[in-house]
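Heads up: the structure comes next, in structure tokens.
Fair warning: this is a prediction, and the values are worked out from it, not measured in the lab. To find a chain, count down the sequence lines: A is the first, B the second, and so on, and within it residues start at 1.
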There are 2 protein chains.
Amino acid sequence: IVKRDVVRIITPGTLIDTQLLDEKKNNYLMSIYGQADGVGISYVDISTGELFTTEIIGEGILQGLQDEITKIQPKEVIYYIEDNVYWKEFFNEICKQFDLVTNDHDHWCFEYQYASNRLKEHFNVINLDGLGLASTHNGIISTGALINYLKTTQKRFLGHINKINVYHLSETMVLDYSTRFNLELTETIRGKNKKGSLLWVLDKTSTAMGGRMLRKSLETPLLKIEKINDRLEAVGTLKDNIGLRKELREHLRSVYDLERLAAKISYGSANPRDLVALKTSLEQIPLIKELIKDEKQLLASVHNRIDTLEDIKELINKGIVEDLPIALKDGGIIKTGYHPEVDKLQLASREGKEWIAKLEEEEKLKTGIKSLKMGFNKVFGYYIEVTKSYLKQVPEDYQRKQTLANCERFITPELKEIESKILGAEDKVVVLEYQLFIEIRDIISKEISRIQSTASAIAELDMLVSLGEVAAENNYTKPNINSSHIISIKDGRHPVVEKMLDNQMFIANDIYLDNEDHQVSIITGPNMAGKSTYMRQVALIVLMAQIGSFIPVSEASIGIVDRIFTRVGASDDLSQGQSTFMVEMSEMANILNCATKNSLLILDEIGRGTSTFDGLSIAWSVIEHISKKISAKTLFSTHYHELTELEGIIKGVKNYRISVKEEGEDIIFLRKVIDGSADRSYGIQVARLAGLPAEVICRAKDILLRLEEKDIARVDSLCI
Amino acid sequence: IVKRDVVRIITPGTLIDTQLLDEKKNNYLMSIYGQADGVGISYVDISTGELFTTEIIGEGILQGLQDEITKIQPKEVIYYIEDNVYWKEFFNEICKQFDLVTNDHDHWCFEYQYASNRLKEHFNVINLDGLGLASTHNGIISTGALINYLKTTQKRFLGHINKINVYHLSETMVLDYSTRFNLELTETIRGKNKKGSLLWVLDKTSTAMGGRMLRKSLETPLLKIEKINDRLEAVGTLKDNIGLRKELREHLRSVYDLERLAAKISYGSANPRDLVALKTSLEQIPLIKELIKDEKQLLASVHNRIDTLEDIKELINKGIVEDLPIALKDGGIIKTGYHPEVDKLQLASREGKEWIAKLEEEEKLKTGIKSLKMGFNKVFGYYIEVTKSYLKQVPEDYQRKQTLANCERFITPELKEIESKILGAEDKVVVLEYQLFIEIRDIISKEISRIQSTASAIAELDMLVSLGEVAAENNYTKPNINSSHIISIKDGRHPVVEKMLDNQMFIANDIYLDNEDHQVSIITGPNMAGKSTYMRQVALIVLMAQIGSFIPVSEASIGIVDRIFTRVGASDDLSQGQSTFMVEMSEMANILNCATKNSLLILDEIGRGTSTFDGLSIAWSVIEHISKKISAKTLFSTHYHELTELEGIIKGVKNYRISVKEEGEDIIFLRKVIDGSADRSYGIQVARLAGLPAEVICRAKDILLRLEEKDIARVDSLCI
């Protein structure tokens with residue numbers, strides 16, 4: 001008897017017999033995990049081992065999912081959609097429509113912990129950051145479930161599936177956390193201050209909404225040439241036209257935060273003062289719109305999108321008092337002329353108060369009490385106050401109400417009669433005014449979407465004006481954006497560092513990168529010479545260009561990059577069990593797994609967190625991989641001078657160094673990037689500048705000399 | 001004619017002719033800079049070149065200054081005291097008293113920018129961080145002015161003054177910013193969270209004041225053995241006595257923030273609710289005091305310092321209502337029985353309300369209107385409300401006051417008479433109650449210092465209870481604190497990391513450091529093996545011991561350290577023009593300039609920010625300097641395996657490594673620190689674990705092999 005066992009389960013998505021397959025088409029198995037605010041999509045062709053993953057977050061989930069299914073045409077789909085997901089039904093319809101073989105898979109396979117453990121096992125890593133999946137929660141789940149399904153059905157080791165291709169569907173550049181952090185886009189690494197960040201330099205916006213839009217744009221640079229050029233065109237116009245820019249800024253400054261006001265109105269939490277703020281802002285809108293009426297392209301589009309909202313302005317203008325009282329609950333909100341009943345009641349109250357004033361005069365004359373005066377408090381209402389010395393002159397018809405230290409308070413029937421008129425009117429008018437205010441607010445709240453789209457147009461204009469202002473102020477130049485795969489910058493400056501220097505001149509530097517002979521720049525030079533500044537400057541200039549900003553260069557041609565990656569600095573995360581070197585390598589792995597030939601890589605001293613030979617080997621191998629397999633444009637700084645040997649051996653690798661001049665003991669930093677490689681790092685000179693004791697420096701030099709004399713093997717001789 | 005020029009100005013403090021000097025005594029020139037909240041004191045003996053600087057901040061400035069002058073007995077003093085300084089006069093008296101030759105020096109020499117520039121010039125550094133002056137604003141000014149004065153009078157190069165000895169007068173350990181930051185005392189480096197910090201582990205306090213005191217204690221560990229032992233004794237008692245600890249915690253939980261309450265009372269911003277909160281807290285105090293009445297030493301002292309404040313509690317108890325109304329401004333604050341007038345008015349108001357209720361019944365009967373009811377509003381006072389359907393039954397003596405949609409409101413003379421009694425009484429009682437409340441608050445505010453000292457005793461008790469709780473919960477042990485210069489730890493654990501591990505066991509490790517044969521531990525081992533965890537664990541254990549906490553060890557003897565220094569991690573500060581390596585070297589310089597033989601140094605991969613030879617030379621020289629000149633106890637991790645050669649050559653240097661086991665391609669981290677040195681860093685294995693693509697790993701291994709075969713000279717052969 002032969003013992004039988006299931007050795008493989010064949011499903012439509014896991015066919016590998018080539019006879020059954022159309023060789024010109026991939027045979028994809030797809031895995032989908034959906035929850036309320038996102039969906040993870042993964043698919044694999046197990047005949048080739050290619051595995052892809054993406055994630056769609058926020059709006060457009062269903063559309064995106066449909067697009068992907070259409071594009072990929074999977075043979076089989078495994079999925080799990082959480083119960084609370086609004087598009088669950090639609091998804092089922094899509095499946096029917098495409099006639100998909102589906103498999104509503106076990107829930108527990110789609111649990112985060114389970115899925116991520118399957119992935120760690122399969123790829124033999126201790127965390128997922130290096131696989132490029134770091135922040136794609138849903139993508140991890142869909143991929144993990146996919147791998148699990150394959151393991152269960154195929155019952156064999158799937159070694160050919162050894163890489164996850166993470167792709168993004170967005171129209172904007174994805175910047176991972178460490179890149180945003182290292183480039184100090186919106187806050188500095190030390191101190192978390194805005195001052196010292198790129199945003200600090202670029203933000204000359206006049207409105208809160210403009211500021212928010214600029215920050216968002218910084219974090220999501222554009223990928224389409226036309227959109228970038230639209231912005232650049234507008235920024236150019238605003239840069240050149242000083243008068244226009246100045247006037248726009250003046251008007252924009254008087255525009256309140258329309259987005260927040262709209263939200264308050266729509267939540268019903270706006271008070272009369274908010275409506276007046278809205279009106280004040282709306283008064284500026286036609287003026288702003290008028291100023292750009294003859295502009296073209298993007299500014300024309302902004303012009304068209306601005307709704308002057310005259311009706312809303314008029315409504316508030318007619319209804320709400322401009323100069324509102326401090327306490328809004330006592331009325332005085334609604335303008336005279338807006339509603340006849342309000343007018344009548346206000347008149348009654350006003351007349352009543354005049355009567356009271358008249359009564360005071362009359363009673364003074366009648367009683368001869370000079371100190372007699374009218375008063376009001378919440379407990380007794382209106383009263384007549386008489387100081388103690390005059391008490392004998394008080395007429396009989398005065399009724400005593402209250403006795404104080406120096407005076408007594410009285411009422412009279414006549415006074416109370418007037419009072420009831422005044423108070424009655426006031427009471428009613430407060431209620432009525434509040435009703436009318438709510439009516440006005442409700443009318444406006446039906447127009448919220450118009451206010452919001454105007455707000456967004458104004459925000460965009462404000463951002464463009466800010467970029468124009470910054471371009472003019474800092475002498476920025478318009479980049480030539482193209483799809484050439486070439487980044488060529490003449491006289492580039494670091495936008496932030498040049499602003500932080502007080503009196504010194506910032507030394508400008510060129511760069512030329514392409515996918516041919518100038519693909520990887522290996523940068524050597526002493527500590528402190530400015531390697532990091534130079535590399536980040538290139539990244540920042542490219543990023544600025546792709547948000548549509550002018551840039552700190554004399555001339556530049558920028559071939560669009562799809563992503564910017566940085567690996568800079570070092571910090572560990574002990575409580576998460578991550579050593580410094582582990583963090584460095586995870587980030588490096590993430591880059592190697594995600595970068596394409598259109599990416600820009602900034603790699604600062606890769607390999608320094610371990611022993612020299614290990615680090616050098618890894619750095620060497622990484623450069624080879626980038627050059628030969630990925631072809632990404634790369635700036636690579638290093639103190640491993642051995643790496644400069646790669647020029648001439650690997651195509652596309654070029655050496656650059658940052659020049660210094662030695663003057664006796666001292667080194668002078670020239671900050672100029674030139675061809676060639678540095679042979680010294682001047683670490684000891686820097687240590688001296690940092691204040692290391694003189695004898696330590698002296699001894700270090702001594703040791704260095706001996707090391708350089710290849711004395712390293714006989715270390716005994718070092719220790720006299 | 002001979003051209004004459006002043007070549008030197010001799011002043012009492014700048015004598016160098018040994019004939020004029022008493023050789024057994026230093027001849028000090030002192031410089032003092034004083035401003036409102038601090039004073040900088042510097043002094044130099046120009047015959048020897050020794051320069052000292054300190055700074056006194058906050059309280060005790062004048063006393064400290066007097067102590068220093070007494071101790072140092074300068075021959076001459078230059079000074080500048082800002083005009084707004086309250087102790088300026090006293091300072092002049094001190095000068096007279098000591099018969100000092102003084103020199104009220106030019107103001108501009110004592111300006112920060114000027115003084116710091118003089119210092120940078122003299123010491124030829126580009127920033128002052130490395131001189132140990134980083135955060136001593138006043139010290140920089142006094143030292144800079146001193147150097148300037150010497151330059152002006154001596155007119156020659158003062159090369160022998162080449163080091164600033166910064167010292168501290170405090171009774172607590174000074175932890176510099178980077179040490180607090182690197183050791184993650186109160187927040188983590190990544191994320192700035194409390195979770196993952198030492199405070200997170202130790203804070204089981206029940207009151208806000210206890211929490212604040214614990215945080216402060218963490219940041220200012222103690223230096224006196226007796227004080228530490230006092231705390232340890234108390235923590236031990238509380239650790240062992242579970243019942244006592246539990247009861248104390250229960251009572252402490254009901255104690256509000258007495259310090260903040262005291263501040264509010266003293267600022268006059270406390271409301272009645274605050275007084276009730278104070279009383280509630282004070283009710284716990286005698287119970288807490290009673291619980292520790294038989295304890296000894298520190299707990300006895302806490303017991304004695306607790307003032308039960310019965311008088312204050314009694315005062316509030318008598319005067320203020322416990323169950324306060326929501327709106328405090330309408331009265332109802334003062335208890336019945338506290339003041340006869342309040343009682344009388346409250347009675348009148350209560351009776352009035354009863355009358356109104358009675359009246360409602362009477363009027364219902366009289367008129368036959370079932371829906372008749374009494375109401376009150378602020379505008380009309382009390383009224384009788386009748387629904388529309390009953391309007392015909394309304395008696396003639398009802399006066400109409402207000403018409404609403406479904407009903408009308410009336411008043412009667414009788415109602416108004418009662419009303420005036422009620423409202424009069426209420427009005428008066430509100431005023432009176434408020435006066436009485438203010439009286440009570442004023443009485444208490446005279447006793448603020450008693451509340452404060454009780455608060456501080458309670459805070460200390462809470463901190464000790466928390467430390468006892470943590471010790472019991474985490475199985476901590478009492479350290480033996482002594483002045484032996486030996487740190488000996490058996491089975492030490494990292495207090496935070498052991499709590500973050502879910503299921504894994506934390507591997508405990510020993511350490512032995514002294515000022516003889518075990519002074520510098522050089523720690524090698526693979527990346528990820530746990531070097532940083534081990535080193536920080538030692539620092540944290542010592543720090544915990546010196547705040548009087550039990551520690552995560554099986555046994556430990558801790559010779560008091562005067563400071564803990566750390567140099568860990570790497571980050572640059574481009575906008576301040578500081579490169580990563582510059583930051584590293586500045587911190588290193590600061591440590592070398594400030595550390596003493598009683599300090600504990602944690603140095604993580606010094607020299608990795610530059611080229612291999614430079615870094616190795618600096619690391620080598622630093623270890624030599626620490627061993628031979630400073631004699632500080634040091635943990636030094638490195639990937640420069642060459643440094644392990646120092647064992648046996650320099651006295652006091654010992655090698656340790658963190659053991660791993662190789663299993664084919666994989667390495668297993670054993671986390672055990674053992675004697676000897678590692679010969680490999682396993683960087684490539686870690687890179688693989690991090691997810692670097694397989695082909696990159698493969699190639700890196702290949703390159704490493706060739707490098708190890710000393711093929712490094714012929715790099716051409718690497719590139720097939």
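- Minimum interatomic distance between Arg688(A) and Val125(B) (heavy atoms only, all atoms of both residues): O-CG1, 4.1 Å.
- Of the inter-residue distances, the one linking Ile703(B) atom CD1 with Glu642(A) atom CD reads 12.0 Å to the nearest 0.5 angstrom.
- In terms of heavy atoms, Ser611(A) sits closest to His641(B) at CB-CE1, 4.1 Å.
- The distance from atom CG of Asp702(A) to atom OG of Ser617(B), rounded to the nearest 0.5 Å, is 9.5 Å.
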Derivation and outcome, side chain to side chain contact (heavy atoms under 4.5 Å, CB included), residues His639(B) and Thr612(A): CA-CA 7 Å; His639(B) 285 292; Thr612(A) 309; over 6 Å; no

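- Between Glu605(A) and Arg608(B), none of the side-chain N atoms (NZ, or NE/NH1/NH2) sits under 4.0 Å from a carboxylate O, so this pair counts as no salt bridge.
- Atom CD1 in Ile618(B) sits 8.5 Å away from atom CG in Leu704(A) (nearest 0.5 Å).
- The choice from Leu592(B), Thr638(B), Val622(B) that makes the most heavy-atom pairs within less than 4.5 Å of chain A is Leu592(B).
- With Ser621(B) contributing its side chain and Arg699(A) its backbone, the two residues share no donor-acceptor pair below 3.5 Å.
- If you measure heavy-atom distances from Phe123(A) to chain B, you find no contacts under 4.5 Å at all.
- Among the candidates Gly691(B), Ala690(B), Cys698(B), the residue making the largest number of heavy-atom pairs closer than 4.5 Å to chain A is Ala690(B).
- Within the 4.5 angstrom heavy-atom criterion, no atom of Gln399(A) approaches chain B.
- At a 4.5 Å heavy-atom cutoff, Lys120(B) makes no contact with chain A through either its backbone or its side chain.
- For the pair Tyr682(B) and Asp614(A), the tightest heavy-atom approach, listed with the atom from each and the gap, is N-OD2, 3.1 Å.
- Contact annotation for Ala687(A): both backbone and side-chain heavy atoms come within less than 4.5 Å of a heavy atom of chain B.
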Test log, rule side chain to side chain contact (heavy atoms under 4.5 Å, CB included), inputs Leu707(B) and Leu616(A): CA-CA 9 Å; Leu707(B) 284 173; Leu616(A) 177 53; 3.9 Å; yes

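- Neither the backbone nor the side chain of Lys531(A) comes within less than 4.5 Å of any heavy atom of chain B.
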Check against side chain to side chain contact (heavy atoms under 4.5 Å, CB included), Ile126(B) and Leu689(A): CA-CA 6 Å; Ile126(B) 62 166; Leu689(A) 284 176; 4.0 Å; yes

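- The shortest heavy-atom contact between Val686(A) and Met582(B) is CG1-SD, 3.8 Å.
- Counting non-hydrogen atoms of other residues, nucleotides and ligands closer than 6.0 Å to NZ of Lys428(B) gives a total of 12 or fewer.
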